[in-house]
> 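I'd like to ask some things about the structure below.
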Amino acid sequence: MIDKAIERLIDTKYLLVITGAGISAESGIPTFRGNDGLWQNYRAEDLATPWAFERNPEVVWRWYDWRRGIIGRAELNPGHLAIKQLEGLYDDFFLITQNVDGLHGRTGIKNMVEIHGNLWRARCTKDGRTSMLMDVPLKSIPPACECGNILRPDVVWFGESIPSEWLQKSYDVIDMCDTLIVAGTSGVVYPVASFPQSVKERGGCVIEINIEPTSISSIADISLFGKSGDLLPMLVKGIRERRV
Ligand code: OAD
């Protein structure tokens, strides 16, 4: 299967990669679903909705601050680095990540949208201004904007829409790509969960990388089961060795 994936990638002109929490699992960052997933121990309704924030911004910020602590100490893993290398191997490349951890950004990758936002960025609840908030732990919770109003994490919560600019960019690259690698996502959160199907409908090839079958596996042309930190570097190596 890995050889088939490498062959396809050698013939690919425009490569799109979609990632989810699994890509950062080998950096020690908890995923959302599965046995040790965050949603086993926390209720999304209490922490990741605009209503939860309205009710109790302090609780929501404390949860994000705890996650910022884990992520702040985490190191990039070979999966993140391989995706950065893939960007260098294609003239046309784009990454859509659902992760808010900012780890892809740390690799220096340029062609990317963090479609669910970034937990190192905060947004004013009044005027919408954004700013990077790098302190861990935060000095005051909830943090305040220069204008005096409360800041919120600049992430997309359940019940909120993805900013139209990010969504439009995603649809544009779905139209243009000929191969999609979808790695480390359970594929259950929309709209991203529908992107692999959209790529297929436009004649593109879907290569899935995951430690186990997911809802995407049935439509994937090639499924590679294993850790993204092992498989992605193997793909990079294979492309480099066999490309003429
Ligand atoms: P999930 O936690 O739903 O899925 C993580 C996926 O990664 C699972 O399919 C795992 O099998 C897989 N996985 C775990 N370790 C892996 C490894 N080392 N290599 C490859 N795969 C591995 O996370 P997401 O699909 O990212 O949204 O979740 C999507 C969205 O749901 C998140 O962005 C977040 C969450 O609620 C919001 O907060 C809006």
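Start at 1 and go down the list; that is how both ligands and their atoms are numbered. Residue numbers run from 1 in the order of the sequence given. Predicted model, so just to flag it, every value in this text is computed and none were measured.
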> Quick test of your reading of the model: are K200 and D221 salt-bridged, counting only N-O distances below 4.0 Å?
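So K200 pairs with D221 through a salt bridge.
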
> Let me confirm one number: the CZ-CD1 distance from R242 to I10, rounded to the nearest 0.5 Å.
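Nearest 0.5 Å value for the CZ-CD1 distance: 6.0 Å.
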
> Salt bridge between K4 and E7, side-chain N to carboxylate O under 4.0 Å?
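No salt bridge links K4 with E7.
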
> Under 3.5 Å, is there a donor-acceptor pair between the side chain of S215 and the main chain of G187?
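Indeed, once roles are kept as given, a pair shorter than 3.5 Å links the two residues.
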
> Please determine if G184 has a nitrogen or oxygen closer than 3.5 Å to a nitrogen or oxygen of ligand 1.
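Yes: some nitrogen or oxygen of G184 is under 3.5 Å from one in ligand 1.
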
> For ligand 1, which atoms, with element, lie under 4.0 Å from some heavy atom of G20?
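What qualifies from ligand 1 is 26 (O).
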
> Using a 4.0 Å cutoff against the non-hydrogen atoms of A21, which atoms of ligand 1 qualify?
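So the atoms of ligand 1 that pass are 23 (O), 24 (P), 26 (O).
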
> For W39, counting its heavy atoms only, list the atoms of ligand 1 lying under 4.0 Å from any of them.
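In order of number, 35 (C), 36 (O).
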
> Look at the rings of W63 and W39 and say which category their plane angle falls in: under 30° parallel, 30 to 60° tilted, over 60° perpendicular.
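Parallel.
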
> CD of E201: more than 12 outside heavy atoms within 6.0 angstrom?
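Yes, because the 6.0 Å sphere around CD of E201 holds more than 12 heavy atoms from other groups.
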
> Could you find the nearest protein heavy atom to atom 28 (O) of ligand 1 and give me its residue, atom name and distance?
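Heavy-atom neighbour on the protein nearest atom 28 (O) of ligand 1: R33 NH1, 3.1 Å.
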
> Distance to 0.1 Å, residue and atom name: give those for the protein heavy atom nearest to atom 16 (C) of ligand 1.
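For atom 16 (C) of ligand 1, the nearest protein heavy atom comes out as G22 O, 3.5 Å.
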
> As a check for students: among Q40, Q98, E160, E212, identify the option with a heavy atom nearest to atom 29 (C) of ligand 1.
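The residue whose heavy atom sits nearest atom 29 (C) of ligand 1 is Q98.
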
> If we ignore angles and hydrogens, is there a donor and acceptor under 3.5 Å between the side chains of T125 and N149?
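Not at all, the side chains of T125 and N149 share no donor-acceptor pair under 3.5 Å.
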
> Mind checking whether N210 has an N or O less than 3.5 Å away from an N or O of ligand 1?
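N/O-N/O distance below 3.5 Å exists for this pair.
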
> Report yes if some N/O of W157 lies less than 3.5 Å from some N/O of ligand 1; otherwise report no.
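Among all N and O atoms of W157, none is under 3.5 Å from an N or O of ligand 1.
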
> Can you tell me which residue and heavy atom of the protein come closest to atom 30 (C) of ligand 1, and the distance to 0.1 Å?
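Of the protein heavy atoms, V189 CG2, 3.6 Å lies nearest.
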
> For ligand 1, which atoms, with element, lie under 4.0 Å from some heavy atom of F158?
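Near F158, meaning under 4.0 Å from one of its heavy atoms, ligand 1 has 36 (O).
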
> Under 4.0 Å between a Lys/Arg side-chain N and an Asp/Glu carboxylate O for K13 and D92?
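Between D92 and K13 there is no salt bridge, as every charged N stays at least 4.0 Å from the carboxylate O atoms.
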
> Should R62 and E58 count as an ion pair when the cut-off is N to O under 4.0 Å?
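Judged by the 4.0 Å cut-off on N to carboxylate O distance, R62 and E58 do form a salt bridge.
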
> For atom 24 (P) of ligand 1, which candidate among L38, T97, T185 provides the closest heavy atom?
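Heavy atom nearest to atom 24 (P) of ligand 1 belongs to T185.
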
> Could you check whether D154 and T130, counting side-chain N and O atoms only, form a donor-acceptor pair closer than 3.5 Å?
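D154 and T130 do not have a side-chain donor-acceptor pair below 3.5 Å.
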
> Is ligand 1 under 4.0 Å from a heavy atom in the side chain of A25, in the backbone, in both, or in neither?
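It is the side chain that touches ligand 1; the backbone stays farther off.
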
> Checking a contact table here: which protein heavy atom is nearest atom 19 (N) of ligand 1, and how many Å away?
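Its nearest protein heavy-atom neighbour is S228 N, 2.9 Å.
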
> Under 4.0 Å from ligand 1, counting heavy atoms only, is it the side chain of H116, its backbone, both or neither?
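For H116, only side-chain atoms sit under 4.0 Å from ligand 1.
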
> Aromatic rings W157 and Y64: how do their planes relate, parallel, tilted or perpendicular, breaks at 30° and 60°?
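Tilted, since the angle between the ring planes falls between 30° and 60°.
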
> Below a 4.0 angstrom heavy-atom separation, can you tell me which part of E26, side chain or backbone, both or neither, approaches ligand 1?
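Contact part for E26 vs ligand 1: side chain (C-beta onward).
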
> In terms of residue, atom name and distance, what is the protein heavy atom nearest to atom 32 (C) of ligand 1?
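For atom 32 (C) of ligand 1, the nearest protein heavy atom is F32 CE1, 3.6 Å.
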
> Would you check the N or O atoms of T214, main chain and side chain alike, for any that come under 3.5 Å of an N or O of ligand 1?
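It does not: no N or O of T214 is found under 3.5 Å from an N or O of ligand 1.
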
> Could you list the atoms of ligand 1 found under 4.0 angstrom from a heavy atom of V156?
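Listed by number with element, the hits are 39 (C).
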
> Do K169 and D172 sit within salt-bridge range, that is, some charged N less than 4.0 Å from a carboxylate O?
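A salt bridge is absent here (no side-chain N lies under 4.0 Å from a carboxylate O).
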
> Counting non-hydrogen protein atoms only, what is the nearest one to atom 4 (O) of ligand 1? Give residue, atom name and distance.
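That would be S186 N, 3.3 Å.
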
